[in-house]
Amino acid sequence: MSAETDQLTTELADLVFQVAGRLRQGFNAIAAELDLPPAQALALVNLRGPAPMRDLADLLSCDASNVTGIVDGLERRGLVTRRTDPSDRRVKHLVLTEEGQRRRDLLGSKAHVRAAALFDVLDADRRQLRDLLAAVVDDEQRRP
């Protein structure tokens, strides 16, 4: 690998981390506006339907014991409930309450507005960036 390629890789990684950091900072600010700790907000936006707690742990890339504390906080706020899986009583499914759904939708819409402002570049450039990032993700998923 040439020095120029090494430098380009370093610059790309740095830029991606900067963009991810800005997205995270914006998301955390929105969570704070809605009186939610970032971990609870992240859990909330990742709940698309009834899901076992272990699935949420996988989505958040954390240990199941950490998810218990996050879910306890969401439950105290009336945003989720735990329901026993009828086929396996040991498994608890997380279900958004009506308020949880409302708060999740609000988080999503506010995060979208922030992301739109961050990616406020020409449409063609935005599409090209999306396609390039999708290619990177797709290539990474194909690797063993």
Side-chain angles (χ1 to χ4, degrees), residues 1 4-86 88 90-144:
M1 193 179 294
E4 183 179 337
T5 302
D6 279 348
Q7 180 60 32
L8 181 58
T9 299
T10 299
E11 290 173 17
L12 285 168
D14 184 52
L15 289 167
V16 168
F17 276 117
Q18 285 183 52
V19 169
R22 288 181 186 176
L23 287 168
R24 186 183 63 253
Q25 287 171 346
F27 181 82
N28 290 349
I30 293 164
E33 288 171 15
L34 298 174
D35 194 32
L36 288 169
Q40 288 181 17
L42 193 58
L44 200 60
V45 298
N46 277 287
L47 283 172
R48 302 277 188 258
M53 287 180 57
R54 72 176 164 272
D55 289 1
L56 184 59
D58 290 344
L59 281 168
L60 299 178
S61 299
C62 68
D63 189 75
S65 61
N66 292 340
V67 169
T68 300
I70 294 168
V71 171
D72 287 347
L74 289 169
E75 197 169 39
R76 277 192 301 276
R77 294 170 186 274
L79 303 176
V80 299
T81 59
R82 291 177 172 113
R83 292 197 186 141
T84 303
D85 184 329
D88 186 347
R90 296 169 297 175
V91 176
K92 301 291 186 212
H93 284 262
L94 301 173
V95 180
L96 289 174
T97 63
E98 190 174 308
E99 177 59 18
Q101 181 69 45
R102 186 191 73 74
R103 194 86 60 100
R104 185 179 76 86
D105 292 346
L106 190 55
L107 267 165
S109 64
K110 286 178 173 261
H112 178 80
V113 169
R114 291 246 178 149
L118 181 62
F119 293 112
D120 187 22
V121 294
L122 297 175
D123 264 354
D125 292 337
R126 198 169 33 205
R127 283 186 178 83
Q128 184 179 12
L129 177 59
R130 178 208 54 208
D131 294 346
L132 290 169
L133 290 172
V136 169
V137 169
D138 288 346
D139 186 55
E140 184 67 26
Q141 288 175 347
R142 281 194 293 265
R143 292 183 191 176

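Note that the structure is predicted; figures quoted are calculated from it, not measured.
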Kindly indicate whether the side chain of [X], heavy atoms from C-beta on, has any atom under 4.5 Å from the side chain of [Y].
| X | Y | value |
| --- | --- | --- |
| Asn28 | Arg24 | yes |
| Ser109 | His112 | no |
| Ile30 | Leu34 | yes |
| Met53 | His93 | no |
| Asn46 | Leu60 | yes |
| Arg83 | Lys92 | no |

Just do the side chain to side chain contact (heavy atoms under 4.5 Å, CB included) check on Leu47 and Val95 with the steps written out, would you? CA-CA 8 Å; Leu47 283 172; Val95 180; over 6 Å; no

Please test Arg114 against Glu33 for salt bridge (charged side-chain N to carboxylate O under 4.0 Å, His left out), starting from the C-alpha separation and ending with a verdict. CA-CA 13 Å; Arg114 291 246 178 149; Glu33 288 171 15; 3.4 Å; yes

Could you check Leu129 against Val121 for side chain to side chain contact (heavy atoms under 4.5 Å, CB included), going step by step and ending with a plain yes or no? CA-CA 10 Å; Leu129 177 59; Val121 294; 5.9 Å; no

Under the side chain to side chain contact (heavy atoms under 4.5 Å, CB included) test against Val80, which residue among Thr97, Asp72, Val71 passes?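 Only match with Val80 under side chain to side chain contact (heavy atoms under 4.5 Å, CB included): Val71.
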
List the atom of [X], the atom of [Y], and the distance in Å for their closest heavy-atom pair.
| X | Y | answer |
| --- | --- | --- |
| Phe27 | Ala111 | CD1-CB, 4.4 Å |
| Cys62 | Val67 | SG-CG2, 3.5 Å |
| Ala31 | Pro38 | CB-CA, 4.4 Å |

I need the [X] [atom1] to [Y] [atom2] distance, nearest 0.5 Å.
| X | Y | atom1 | atom2 | result |
| --- | --- | --- | --- | --- |
| Gln40 | Leu107 | CD | CG | 11.0 Å |
| Ile70 | Ser65 | CD1 | OG | 9.5 Å |
| Thr68 | Asp63 | OG1 | CG | 8.5 Å |
| Arg127 | Leu132 | CZ | CG | 14.0 Å |
| Thr10 | Gln7 | OG1 | CD | 5.5 Å |
| Arg103 | Leu44 | CZ | CG | 8.0 Å |

Glu98/Arg104 salt bridge by N-O under 4.0 Å criterion: no

Does Glu99 pair with Arg77 as a salt bridge, N-O distance under 4.0 Å? no

Would you please test Phe119 and Asp125 for side chain to side chain contact (heavy atoms under 4.5 Å, CB included) and show each step? CA-CA 10 Å; Phe119 293 112; Asp125 292 337; over 6 Å; no

Counting only heavy atoms not in Arg54 (residues, nucleotides, ligands), do more than 12 fall under 6.0 Å from its CZ? no

Check the surroundings of atom CZ in Arg126: do more than 12 heavy atoms from other residues, nucleotides or ligands lie under 6.0 Å from it? yes

Going through the distances and angles, do Leu96 and Leu79 end up as a side chain to side chain contact (heavy atoms under 4.5 Å, CB included)? CA-CA 6 Å; Leu96 289 174; Leu79 303 176; 5.6 Å; no

